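I have placed the structure first, in the form of structure tokens, so that the comments after it can refer back to it.
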Amino acid sequence: ETPPSVIGLLSGIRERISKQRGEPFGILMLEDSESQIEAVCHSKQWHKVKPLLTAGEPYLVTGSLKSDGDLSMIIDSIEPLAEVRAKRSRAIRIKIATDGLPGDFYDSLNSELKKFPGNMTVLLDLRTEDEQALLRMRSVKVSMEPVLAERINKLSGGKAYVVQ
């Protein structure tokens, strides 16, 4: 049976100390346009989860539901929604403002992409002020790593960036 999952904006983060063990744990408030739910993160995973949290960002939370008057959730896993989308995506899209690019940009881009082999298709979204073209690279498939996005932006002098 698949455990329940919730997607919501993280609207509140509180840290408490457990009475039994005296260890910190987290109480998170997640909300969507219609409701909110309290999600409890036990102390054994709180130290790993806490640094990843940013109020106002959307998260996918999986766990078990608990009802003692109000519905709440015990967290098994929590991931930023952007990371979930990146993992499930089958393609990365690189938006490129083609005016004023370094002359060797496309050779450098191809070399950089080959350093991150994977199974994601690469789409080049080429743009000038008047025109736009979307090209699929046949020769390269990649795995999306945050460092790859940074390198692409740097290679282009800020004229290219990865969008999902």
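Values in this document were obtained by computation on a predicted structure and should not be read as measured data.
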Which value, rounded to the nearest 0.5 Å, describes the distance between Glu38 atom CD and Met73 atom CE? 12.5 Å
Pairwise distance CD1(Ile74) to OG1(Thr62) - rounded to 0.5 angstrom: 13.5 Å
Going hydrophobic residue to hydrophobic residue with side-chain gaps under 4.5 angstrom, can you get from Val142 over to Leu135? yes
Just to verify, what does Asp76 make a side chain to side chain contact (heavy atoms under 4.5 Å, CB included) with, not counting sequence neighbours? none
Just so I know, are the side chains of Val6 and Asp32 near enough to count as touching, which here means a heavy-atom distance under 4.5 Å? no
So, for Pro102 and Ser156, which heavy atoms are closest and what is the spacing to 0.1 Å? CD-O, 4.0 Å
Between Ser18 and Arg21, the two heavy atoms sitting closest are OG-N, 3.4 Å
Quick one: closest heavy-atom pair of Ser11 and Leu30, and the distance? OG-N, 4.4 Å
Is there a donor-acceptor pair under 3.5 Å between the side chain of Ser72 and the backbone N or O of Ala39? no
In short, Ser43 meets Pro24 closest at the heavy-atom pair CB-O, 2.9 Å
Exceeds 12 heavy-atom contacts within 6.0 angstrom, atom CD of Gln132: yes
Does the side chain of Glu15 pick up a donor-acceptor pair with the side chain of Trp46 at under 3.5 Å? yes
Go through it in stages, so that I can follow the logic: the residues are Arg93 and Leu134, the test is side chain to side chain contact (heavy atoms under 4.5 Å, CB included), and I'd like the CA-CA distance, side-chain angles, deciding distance and then a yes or no. CA-CA 9 Å; Arg93 186 178 188 134; Leu134 186 63; 4.0 Å; yes
Beyond-backbone contact of Phe25 with Arg16, side-chain heavy atoms, under 4.5 angstrom: yes
Identify whether Ile94 and Leu126 are in the same connected component of the hydrophobic contact network (ILVMFWY, side-chain heavy atoms under 4.5 Å). yes
Residue pair Lys50 / Ile13, side-chain heavy-atom distance below 4.5 Å: no
Treating Ile, Leu, Val, Met, Phe, Trp and Tyr as nodes and any side-chain heavy-atom pair under 4.5 angstrom as an edge, say whether Ile152 and Leu123 lie in one connected cluster. no
Are more than 12 heavy atoms, taken from residues, nucleotides or ligands other than Asn119, located less than 6.0 Å from that residue's CG atom? no
How many angstroms lie between CG in Leu113 and CG in Leu148, if you round to the nearest 0.5 Å? 6.0 Å
Is it the case that over 12 heavy atoms from other parts of the model lie below 6.0 angstrom from the CZ atom of Phe116? yes
Can you give me the closest heavy-atom contact between Val140 and Val122, atom names plus distance? O-CG2, 4.1 Å
Please determine whether side chain to side chain contact (heavy atoms under 4.5 Å, CB included) holds for the pair Tyr59 and Leu52, giving the CA-CA distance in whole Å, both sets of side-chain angles, and the decisive distance to 0.1 Å. CA-CA 10 Å; Tyr59 288 86; Leu52 306 176; 5.6 Å; no
Shortest non-hydrogen pair, Pro4 vs Leu65, comes out as CG-CG, 3.8 Å
How about Leu28 and Ile75: do any of their side-chain heavy atoms sit closer than 4.5 Å? yes
Find the distance between CG (Leu109) and CG (Leu155) and round it off to the nearest 0.5 Å. 7.0 Å
Working to the nearest 0.5 angstrom, can you tell me the gap between Leu101 CG and Tyr106 OH? 5.0 Å
Asn153 side chain to Ala160 main-chain N or O, any donor-acceptor pair under 3.5 Å? yes
Would the distance check show the side chain of Lys159 and the main-chain N or O of Asp99 forming a donor-acceptor pair, the cut-off being under 3.5 Å? yes
Gap separating the CG atom of Leu10 from the CG atom of Leu81, nearest 0.5 angstrom: 12.5 Å
Is any side-chain N of the basic residue among Lys115 and Glu145 closer than 4.0 Å to the acidic one's carboxylate O? no
Joint cluster assignment, Leu9 & Ile37, ILVMFWY side-chain distance < 4.5 Å: no
Is Met137 linked to Met120 within one hydrophobic cluster, defined over Ile, Leu, Val, Met, Phe, Trp and Tyr using a side-chain heavy-atom separation of less than 4.5 Å? yes
